[in-house]
Asks: 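The structure under discussion is supplied below as structure tokens; questions concerning it will follow.
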Amino acid sequence: MTATPPPSSPFLIRDASPDDHAVIVEFNRRLAEETEGKALDPNVLDRGVARALADPGRLRYWVVERAGDHRVVAQTAISREWSDWRDGWLWWLQSVYVVAELRGQGLFKSLYQHIRDQAAAEPDVIGIRLYVEDGNIRAQQSYQALGLRPGGYSVFEELWLGQGDAG
């Protein structure tokens with residue numbers, strides 16, 4: 001488990017653990033509501049987070065906590081995509097959330113840098129990607145300030161909701 005305090009900060013970045021389950025579920029619920037106006041199925045969300053925490057190869061979470069009271073105040077996760085074109089792993093950032101009262105204070109910047117450093121230290125990781133809601137201009141500006149650029153792709157999907165029970 002990694003634990004790194006952002007420079008000059010009363011916060012600690014660490015790998016999430018099963019003890020973080022409830023807060024990650026709540027942050028993901030808020031994230032869907034705030035950014036997309038979606039109400040997630042609480043049972044599906046609960047199971048999805050539990051599976052991720054049990055198997056970081058499926059989805060790996062990091063959290064930011066206050067050093068003093070250990071309150072989790074931010075999170076993000078990565079999933080991985082193998083690129084045969086580039087012969088390496090792309091880490092996809094997802095589930096980015098910072099509690100409202102602490103936004104704009106550099107928590108996500110520190111979290112992103114922590115994850116970027118870990119990715120860059122892996123010889124077969126070739127980059128980081130993320131998708132962002134078209135209308136979420138504030139997030140897009142934040143990501144561009146970190147050096148991320150539009151990748152030139154649009155996301156198309158076909159979802160089979162209700163099939164999340166498959167292991």
Asks: In the hydrophobic clustering (ILVMFWY, side-chain contacts below 4.5 Å, transitive), which residues join Leu90, or is it alone?
Replies: Trp92, Ile126, Tyr131, Val155
Asks: I'd like to know if Arg71 pairs up with Glu101 as an ion pair, taking the criterion as any Lys NZ or Arg NE/NH1/NH2 lying under 4.0 Å from an Asp or Glu carboxylate oxygen.
Replies: yes
Asks: Counting heavy atoms not belonging to Arg29, are there more than 12 under 6.0 Å from its CZ?
Replies: yes
Asks: Under the criterion side-chain hydrogen bond (donor to acceptor under 3.5 Å, both in side chains), which of Asp15, Asp20, Asn28 is the partner of Tyr61?
Replies: Asn28
Asks: Please check if any side-chain donor atom of Gln75 sits under 3.5 Å from a side-chain acceptor atom of Ser95, or the reverse.
Replies: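 On atom types as modelled, these side chains do not qualify, holding no pair under 3.5 Å.
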Asks: Applying ring-ring contact (aromatic ring centres under 6.0 Å, His included), can you list everything that pairs with Tyr97, at least two apart in sequence or on another chain?
Replies: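 In terms of ring-ring contact (aromatic ring centres under 6.0 Å, His included), with neighbours along the sequence ignored, Tyr97 is linked to Phe27.
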Asks: Show the numbers, then the answer: is there a salt bridge (charged side-chain N to carboxylate O under 4.0 Å, His left out) between Arg116 and Glu122?
Replies: CA-CA 10 Å; Arg116 187 183 185 286; Glu122 297 289 328; over 6 Å; no
Asks: Under 3.5 Å, is there a donor-acceptor pair between the Arg60 and Gln118 side chains?
Replies: yes
Asks: Using atom types as modelled and distance alone, determine if a side-chain donor or acceptor of His114 lies under 3.5 Å from a backbone N or O of Trp62.
Replies: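 No; judged by distance alone, with no hydrogens or angles, the pair does not exist.
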Asks: Taking the side chain as C-beta and beyond, is there a heavy-atom pair between Trp91 and Arg80 under 4.5 Å?
Replies: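 The answer is yes; the side chains approach within 4.5 Å.
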Asks: Less than 4.5 Å apart, any side-chain heavy atom of Arg66 and any of Leu102?
Replies: yes
Asks: Carefully, step by step, assess Leu45 and Asn43 under the rule side-chain contact (heavy atoms from CB on, under 4.5 Å).
Replies: CA-CA 5 Å; Leu45 178 57; Asn43 294 318; over 6 Å; no
Asks: With side-chain contact (heavy atoms from CB on, under 4.5 Å) as the criterion, how do Gln94 and Leu59 come out once you've worked through the C-alpha distance, each side chain's angles and the decisive distance to 0.1 Å?
Replies: CA-CA 9 Å; Gln94 55 193 77; Leu59 183 71; 3.4 Å; yes
Asks: Do Ser110 and Ile13 pass the side-chain contact (heavy atoms from CB on, under 4.5 Å) test, and can you show the C-alpha distance, the side-chain angles, and the key distance before you say yes or no?
Replies: CA-CA 8 Å; Ser110 295; Ile13 298 171; 4.1 Å; yes
Asks: List the steps and the verdict of side-chain contact (heavy atoms from CB on, under 4.5 Å) for Val98 and Val73.
Replies: CA-CA 6 Å; Val98 177; Val73 296; over 6 Å; no
Asks: Assess whether a salt bridge exists between Glu33 and Arg30, defined as any Lys/Arg side-chain N lying under 4.0 Å from an Asp/Glu carboxylate O.
Replies: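 So Glu33 does not pair with Arg30 through a salt bridge.
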Asks: Would you mind writing out the side-chain donor-acceptor pairs for residues 138-152 within the sub-3.5 Å range, not counting sequence neighbours?
Replies:
{"residue": "Gln140", "atom": "NE2", "partner": "Glu133", "partner atom": "O", "Å": "3.2"}
{"residue": "Gln140", "atom": "NE2", "partner": "Asp134", "partner atom": "O", "Å": "2.8"}
{"residue": "Ser142", "atom": "OG", "partner": "Arg138", "partner atom": "O", "Å": "3.1"}
{"residue": "Arg149", "atom": "NH1", "partner": "Gln144", "partner atom": "O", "Å": "2.9"}

Asks: Compare all side-chain heavy atoms of Ile115 with those of Asp117 and state whether any distance is below 4.5 angstrom.
Replies: no
Asks: Is Arg14 paired with Glu65 through a side-chain N to carboxylate O contact shorter than 4.0 Å?
Replies: yes
Asks: Once you round to the nearest 0.5 Å, how far does CD1 of Ile24 lie from CG of Asp19?
Replies: 10.5 Å
Asks: How long is the straight-line distance from CZ of Phe11 back to CD of Gln105, given to the nearest 0.5 Å?
Replies: 6.5 Å
Asks: Does any part of the side chain of Leu93, heavy atoms only, come nearer than 4.5 Å to the side chain of Arg129, both counted from C-beta?
Replies: no
Asks: Between Ala16 and Leu53, what is the shortest heavy-atom contact and its length?
Replies: CB-CD2, 3.9 Å
